[in-house]
Amino acid sequence: MDPPDRIPSDRTVLDERMMRLALEQARDARSAGDVPVGAVLARGEDVLARAGNARERARDPTAHAEVIVLREGAGRLGTWHLEGCTVYVTLEPCAMCAGALVLARVDRLVFGAADPKAGFVGSLGDLVRDPRLNHGVEVVSGVLAHECAEVLREFFRDRR
């Protein structure tokens, strides 16, 4: 007997739609010479900020896509408290970005590709779900993971 068709929930559809926006930002970052990671900050269906990595362009080691969208979103909302928000990012966040998500009190993180060398949301550690912290983040991983990983593979393949 065949398994029943999986009917995507509204949240799954929204997560994929937002991840596609993050992928656009990753491709833009690549075109600008930065490592192609893109992020979107949203509250429900409302996009508050979107960005790609900008470390090379800004000459700023903290200019990761996640940090940029947190800064822009906080500015737009007029508060650093980002409860009710979701960050969508094409690559598993590093320790700095995972810490920033906790400090901003983001409710959800949705990421595409795992990062076994620097990811801190399950790969090398799990900062956003550490019970010792005053805030935890719900995590959904693997959304459009193949597409997210492919953008990175192409970037590094072209650099060799």
Side-chain angles (χ1 to χ4, degrees), residues 8 11-42 47-74 80 82-83 85-160:
R11 188 176 250 190
T12 300
V13 171
L14 178 61
D15 288 352
E16 288 181 3
R17 192 172 82 216
M18 293 295 183
M19 189 62 73
R20 290 193 193 290
L21 293 176
L23 277 162
E24 288 175 17
Q25 296 301 307
R27 290 182 182 104
D28 289 349
R30 177 185 179 174
S31 295
D34 274 287
V35 175
V37 176
V40 170
L41 174 71
V47 174
L48 302 173
R50 58 178 93 186
N53 271 357
R55 291 185 308 169
E56 298 299 328
R57 288 171 284 162
R59 295 178 185 90
D60 177 355
T62 69
H64 289 204
E66 301 96 308
V67 171
I68 295 168
V69 298
L70 293 175
R71 286 178 183 154
E72 289 180 10
W80 61 269
L82 300 179
E83 290 100 343
C85 292
T86 300
V87 169
Y88 299 87
V89 62
T90 57
L91 183 65
E92 178 184 356
C94 68
M96 175 184 70
C97 294
L101 294 169
V102 171
L103 293 172
R105 298 196 174 51
V106 169
D107 283 351
R108 289 180 76 230
L109 165 66
V110 178
F111 71 87
D115 185 355
K117 293 183 179 180
F120 230 80
V121 183
S123 289
L124 296 179
D126 198 348
L127 191 71
V128 300
R129 293 177 283 202
D130 189 317
R132 296 170 295 179
L133 299 176
N134 66 338
H135 179 77
V137 179
E138 176 188 342
V139 177
V140 177
S141 61
V143 175
L144 303 180
H146 179 75
E147 291 177 55
C148 294
E150 189 57 31
V151 170
L152 287 157
R153 273 193 293 275
E154 289 171 1
F155 175 80
F156 289 110
R157 183 173 48 238
D158 291 349
R159 291 185 66 126
R160 290 181 198 152

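Values below: all heavy atoms of this structure, side chains included; hydrogens, waters and symmetry mates excluded.
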Is there a side-chain contact (heavy atoms from CB on, under 4.5 Å) between Leu124 and Lys117 once you walk through the steps? CA-CA 7 Å; Leu124 296 179; Lys117 293 183 179 180; 6.0 Å; no
Kindly indicate, with the supporting measurements, whether the criterion side-chain contact (heavy atoms from CB on, under 4.5 Å) is fulfilled by Val128 and Val139. CA-CA 8 Å; Val128 300; Val139 177; 3.6 Å; yes
List the steps, then state whether side-chain contact (heavy atoms from CB on, under 4.5 Å) holds for Leu70 with Leu82. CA-CA 8 Å; Leu70 293 175; Leu82 300 179; 3.6 Å; yes
Run the side-chain contact (heavy atoms from CB on, under 4.5 Å) check on Thr86 and Val40 step by step: do they pass? CA-CA 8 Å; Thr86 300; Val40 170; over 6 Å; no
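When atom types are taken as modelled, the side chain of Thr90 and the backbone of Cys148 share no donor-acceptor pair closer than 3.5 angstrom. Side-chain N or O atoms of Glu66 include none that pairs as donor or acceptor with a backbone N or O of Val87 at under 3.5 Å. In terms of modelled atom types and a separation under 3.5 Å, the side chain of His135 and the main chain of Val106 share a donor-acceptor contact.
Proximity of Val151 to Val37: side-chain heavy atoms (C-beta onward) are nowhere separated by under 4.5 Å. Contact of the Met96 side chain with the Thr62 side chain is registered, since non-hydrogen atoms from C-beta on lie closer than 4.5 Å. The shortest side-chain heavy-atom distance between Val137 and Arg129 does not fall under the 4.5 Å cut-off. A 4.5 Å side-chain heavy-atom check between Glu83 and Asp107 finds at least one atom pair inside the cut-off. Taking the side chain as every heavy atom from C-beta outward, Val89 and Met19 never approach each other to under 4.5 Å. In this structure, Asp115 and Cys94 have side chains that are not in contact, with every pair of non-hydrogen atoms separated by 4.5 Å or more. For the pair Val140/Arg108, a side-chain contact is recorded, criterion being any heavy-atom separation below 4.5 Å from C-beta on. Between Glu16 and Thr12, the closest side-chain pair of non-hydrogen atoms falls below 4.5 Å.
Look at Glu147 and Arg20 and you find a salt bridge, because one of the NZ, NE, NH1 or NH2 atoms lies within 4.0 Å of a carboxylate O, short of that distance. Ion pair Arg57/Asp34 flagged as a salt bridge, since at least one NZ, NE, NH1 or NH2 atom sits closer than 4.0 Å to an Asp/Glu carboxylate oxygen. The residues Glu150 and Arg157 are annotated as salt-bridged, a charged nitrogen and a carboxylate oxygen being separated by less than 4.0 angstrom.
Residues Cys97 and Val67 share a closest heavy-atom pair of SG-CG2, 4.0 Å. Leu103 and Trp80 get closest at one heavy-atom pair: O-CZ3, 3.1 Å. Here the closest non-hydrogen pair linking Val121 and Ala98 is CG2-CB, 4.1 Å. Looking at every heavy atom in both residues, Ala114 comes nearest to Leu91 through O-CD1, 3.8 Å. Considering every non-hydrogen atom in both Ala42 and Met18, the closest pair reads CB-CE, 3.9 Å. Contact record, Val35 with Ala29: O-CB, 4.0 Å, taken as the closest heavy-atom pair.
Distance OH/Tyr88 to CZ/Arg17: 8.5 Å, rounded to 0.5 Å. We find the CG-CZ distance between Asp15 and Arg11 to be 7.0 Å, quoted to the nearest 0.5 Å.
Each of Arg159, Arg30, Arg27 was checked for a salt bridge (charged side-chain N to carboxylate O under 4.0 Å, His left out) with Glu154, and the lone residue meeting it is Arg30.
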